[in-house]
Amino acid sequence: MDKLTAGRLLRSNTRGCVVGCHISQSPPDFGSMIYIPTGDGRIYGLVYDIHIDDDGLVRQLAASDSISDEVILDNRLNRNTPLEMSILFIGYESNGAISHLLPPHPPLSLDTMHLCSREEIRLFTHAGNFGYFRYLLTNPDLPIADLVAAHIISGYRSQTATDSEHWKTLAIDRVITLLRDNHDILNQVLFAISDAFNAIVTIQED
Amino acid sequence: MPINYLELKPQVAEYCQQAHDRIASRPEKVSLAINLLQRLADELQRGQHQDLSIRVADSTVKRSALPAHEAPNHAFQPTADAEPYALLASDGSQITSSHHDILPLSVINTSTVYMRPGSGQAPQIQTQTEFIRTQNGSIAIDFMPEQLVNTSRDVRELQVLAHFSHNAICPLIALGDGPLELFQEPRSGETHQTLFQEYLQALFTLTKSGRIIAGYTDKPRADLVVKLLEWIFQTQQALDISSITDADIFSRLLSPGARSAIFALHSPSSSAYQGDITLHFFYLNVGSSSHPWIVRVETTASTAMQPGAVALLQHALLTQCTLMGMRPYPYILHRAHEEAVVHVDEREGVMQMLSSALTQMGMNPGAQSNKLNAKELGKRTRLK
């Protein structure tokens, strides 16, 4: 697996997929935007869950008084314990055209997943009018507030310096519009976005 | 539900009653055995029983312990610290087939795990998968008895320990799962004899390389020390220490971390293990004060006669067992097992690989028997 490959597809449907990678690899962050190459383009998605399954040995080791470095490395490097990432599809690209609709076909087993660069995020988020937000905001199984906040931070950082504030305002306006009938969720999302940007300001001040 | 539980229920009660009677009589028998062990130690110190190895060879006793260079009732505490050392463990698994399968298949899968405690480095793992070969070197394509495959696996497990390249200066402890004495039944036949000689050769190679050698038996049911006591004292007094095991004795004698004295092993095949590879063993309490857990550690004379090597082995086994928490077992042996074990789907994968290759060559690989096919019908699930 080359450096740019963030994992390989384990299972999928038209709304999302699960990608696995070795536990020793650095997985994409929660909320990262990724793409999966297809025959004539690529499928875009967001990482909304990262999980590591246990097994009997790990449970037993965790309960022991002390674990040596060799044992920890053995479990991370040698044992077959995959790290799984759940991906929400948010659009696709076909023959150079970006769409914020769901992909017409799911990707196939063992397809590779790659992390989007800032330029790729900028191009995707500028195409259309945030139509893909409906996938983030209407699925009760997702950690909606944190996922939206993570995505807006990521999108904000990927815009050009002159365009980032404008893009952020448009994105938040779109969130408010889509959640105008669901005040509970809207409040949670706005609080999460506020927390995320406060954290950025704090880091910059430090 | 193939089990007739109604019929079984009264038998369960009968089973438990018998077990209760045996368990109830055990503490008294264990106390008697401990007294006899003390008496044996005293008599040995006074110079008695000097010809035990000769006498036992002429007796009808098939398997028993023999006192070695340490007082048989003595317990040896572990050392707190140890010099740097490395551990090497091997384990094996096998694929066998019957004439009901599509093709005859005899494959062994052997793993080795090498680790250096305190190095901060991940263990190194190697796996070898190979078809079993006949004596002329060609792959065995006829059905092979399961016992022969198992013996071949045991030989390969020891060979990978013997031939592992170890360049570090520190001592290397080579660990196997189960006793070092090769179990083979029947012991006759040219192929078995060849394998046995290969096994002895690998054991010699291990001893010559200066490696500390151990075969680890968890939950041992051996009664070798019991048999020794019965044999020595049976004619002198009426005693009944039957139905107890050595572990029953040493779970009382050994505090957590302590090991028993080293004993030599007398068995029908012990005459084949001579010189540096003469088999010895000791018991080790890898449990805690509230949950003693006795294991048997078999080793060779080359290790048993070096107090420093035995102390290092004891330290290493206890450290490994501690890694596994409440259910002590050497971590490295468990990992070797994990890496070696062949699962059912992998067996089917190898069988499929062979069938496909034969089909591509224009050959008909054959089919599994109708009986096996019918048995596997239950595995299938309905289509959704």
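Order of the sequence lines sets the chain letters (A, B, ...), proteins ahead of strands, with each chain counted from 1.
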Is the A:H100 ring parallel, tilted or perpendicular to the A:F124 ring (thresholds 30°, 60°)? tilted

Report the distance from atom CG of A:D173 to atom CG of A:L178, rounding to the nearest 0.5 Å. 11.0 Å

Is it the side chain or the backbone of A:R79 that comes within 4.5 Å of chain B heavy atoms, both, or neither? both

Between B:R335, B:E338, B:R327, which has the largest tally of heavy atom pairs under 4.5 Å with chain A? B:R335

So CZ of B:R211 and CG of B:L175: to nearest 0.5 Å the spacing works out to 12.5 Å

Charged N to carboxylate O below 4.0 Å: is that the case for A:R8 and A:D111? no

Taking heavy atoms only and a threshold strictly under 4.5 Å, list by residue number the residues of residues 106-116 of chain B that touch chain A; give 'none' if the list is empty. B:M115, B:R116

Could you check whether atom NE2 of A:H126 has more than 12 heavy atoms from other residues, nucleotides or ligands sitting under 6.0 Å from it? yes

Checked B:A122, B:S119, B:P123 vs chain A; the most non-hydrogen pairs under 4.5 Å come from B:P123

Side-chain contact test, heavy atoms from C-beta onward, threshold under 4.5 Å: evaluate it for A:M33 versus A:I90 and give yes or no. yes

Please list, one pair per line, the donor and acceptor atoms closer than 3.5 Å that link side chains of residues 307-323 of chain B to other protein atoms, with sequence neighbours excluded.
residue : atom : partner : partner atom : Å
B:Q314  : NE2  : B:F76   : O            : 3.0
B:Q314  : NE2  : B:G257  : O            : 2.8
B:H315  : ND1  : B:T79   : O            : 3.3
B:T319  : OG1  : B:H315  : O            : 2.8
B:Q320  : OE1  : B:Y331  : N            : 3.3
B:Q320  : OE1  : B:I332  : N            : 2.8
B:T322  : OG1  : B:L318  : O            : 2.7

With chain A as the partner, which of B:H334, B:M326, B:Q124 has the greatest number of non-hydrogen pairs under 4.5 Å? B:H334

Applying a strict 4.5 Å limit to non-hydrogen atoms, the region of A:I72 in contact with chain B is neither

Is any NZ, NE, NH1 or NH2 atom of the basic residue among B:R296 and B:E298 found under 4.0 Å from an Asp or Glu carboxylate oxygen of the other? yes

